[in-house]
*Asks:* 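Take this structure first; my questions come after.
The first residue in the sequence is number 1, and the count goes up from there. On a predicted model such as this, the values are computed, not experimentally measured, just so you know.
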Amino acid sequence: MLTALAPELLVVLTLVIVVAGAVNGLAGFGFALVGTMVLATAMDPAVAVVFMIAPILGVNLSLLRDLSLDDLRTCGRRFAPLVLAALVGTLLGLVALERLPQGPLKVGLGTISLAFVASAQRVVRLPGLERAREGCFVESTAGMIGVGAVSGLLFGGTNVGVQLVAYLRSCNLSHGVFVGVVAMVFLGLNAIRIGAAGALGLYPSVAFFLVSVVAVLPAVVGVAAGKRLRTSVDERGRRAVVLGLLAVIGVRLIVGGLGIA
């Protein structure tokens, strides 16, 4: 684990956060994925996951602008099993993160990155993907508990929460309710994760935690810059950039985790 913060490391962290924010602003997704995966190639993957918690929370704070009290109450009643199961899974994911060796964790992160690329790309139709989504994303108490627990475990240990978003999109929600439940899940989970990570001793030092919090600022700047670029790049180009970057990162993580390079 890192205990000191050299100037060179601070520069790298800032650049990665700004680029991840720009990707999110440009494509509308990818901040947690890109930021976590890139940092995991340069440092202990567990530290990279923990470092990104506060910036992810800061970027998601923008969701509050579209959230009303009525939407929040509706979300709380309808998706309580999902939220509670995701909370338990997230805490278990953080506990597991502390115990996983670096090599397998890198391979796992790389595999997740490539799996996301495979599921999000639109060039090759993957057989069985739509059927799997229909079979897994069922809006019932049991379905929400299952999706919430598994997704929370993955989110707690990797910062990857796209499966939760995919589940919520499958529920045919209005924009207000969708934004409300996304805000409730991710803002709530990330706020709790910061406290849990501190209690578990996952932050290498107080200085590292403070840098993580300060990293919210370049993250927001990066998102704003990416949004400005959005009008000059079409959707196909945006997706190609993000998915191409994640594919390269995924391969690099797997190769590094296996000790090949």
*Asks:* Roughly how far, to the nearest 0.5 Å, is the CE atom of M37 from the CG atom of L245?
*Replies:* 11.0 Å
*Asks:* Counting N and O atoms only, with roles assigned by atom type, does the side chain of T158 sit under 3.5 Å from a partner on the main chain of L109, one being a donor and the other an acceptor?
*Replies:* no
*Asks:* Using side-chain hydrogen bond (donor to acceptor under 3.5 Å, both in side chains) as the criterion, list what pairs up with N190, not counting sequence neighbours.
*Replies:* R193
*Asks:* I'd like to know if the side chain of R99 and the backbone of V95 have a donor-acceptor N/O pair within less than 3.5 Å.
*Replies:* yes
*Asks:* Could you measure the distance from the CZ atom of R252 to the NZ atom of K106? Nearest 0.5 Å is fine.
*Replies:* 6.5 Å
*Asks:* What I'd like to find out is whether the side chain of V59 reaches to under 4.5 Å of the side chain of M52, using heavy atoms alone.
*Replies:* no
*Asks:* CG of L82 to CG of L87: how many Å apart, nearest 0.5 Å?
*Replies:* 11.0 Å
*Asks:* Measuring from atom CG of L189 to atom CG of L164, what distance do you get when rounded to the nearest 0.5 angstrom?
*Replies:* 7.5 Å
*Asks:* Could you please spell out the steps behind the side chain to side chain contact (heavy atoms under 4.5 Å, CB included) verdict for L94 and L202?
*Replies:* CA-CA 9 Å; L94 280 174; L202 297 180; 3.9 Å; yes
*Asks:* In Å and rounded to the nearest 0.5 Å, what is the CZ to CZ distance from F209 to F51?
*Replies:* 11.5 Å
*Asks:* Could you check if a side-chain atom of L57 sits within less than 4.5 angstrom of a side-chain atom of L187, using non-hydrogen atoms only?
*Replies:* yes
*Asks:* Looking at N159 and V49, would you say the former's side chain and the latter's main chain have a donor-acceptor pair under 3.5 Å?
*Replies:* yes
*Asks:* Rounded to the nearest 0.5 Å, how far does CG of L9 lie from CZ of F208?
*Replies:* 6.5 Å
*Asks:* If only atom types and distance count, is the side chain of T90 paired as donor or acceptor with the main-chain N or O of A86 below 3.5 Å?
*Replies:* yes
*Asks:* Who passes side chain to side chain contact (heavy atoms under 4.5 Å, CB included) against I145, sequence neighbours left out?
*Replies:* P81, A85, T141
*Asks:* List the residues meeting ring-ring contact (aromatic ring centres under 6.0 Å, His included) with F31, not counting sequence neighbours, and say none if there are none.
*Replies:* none
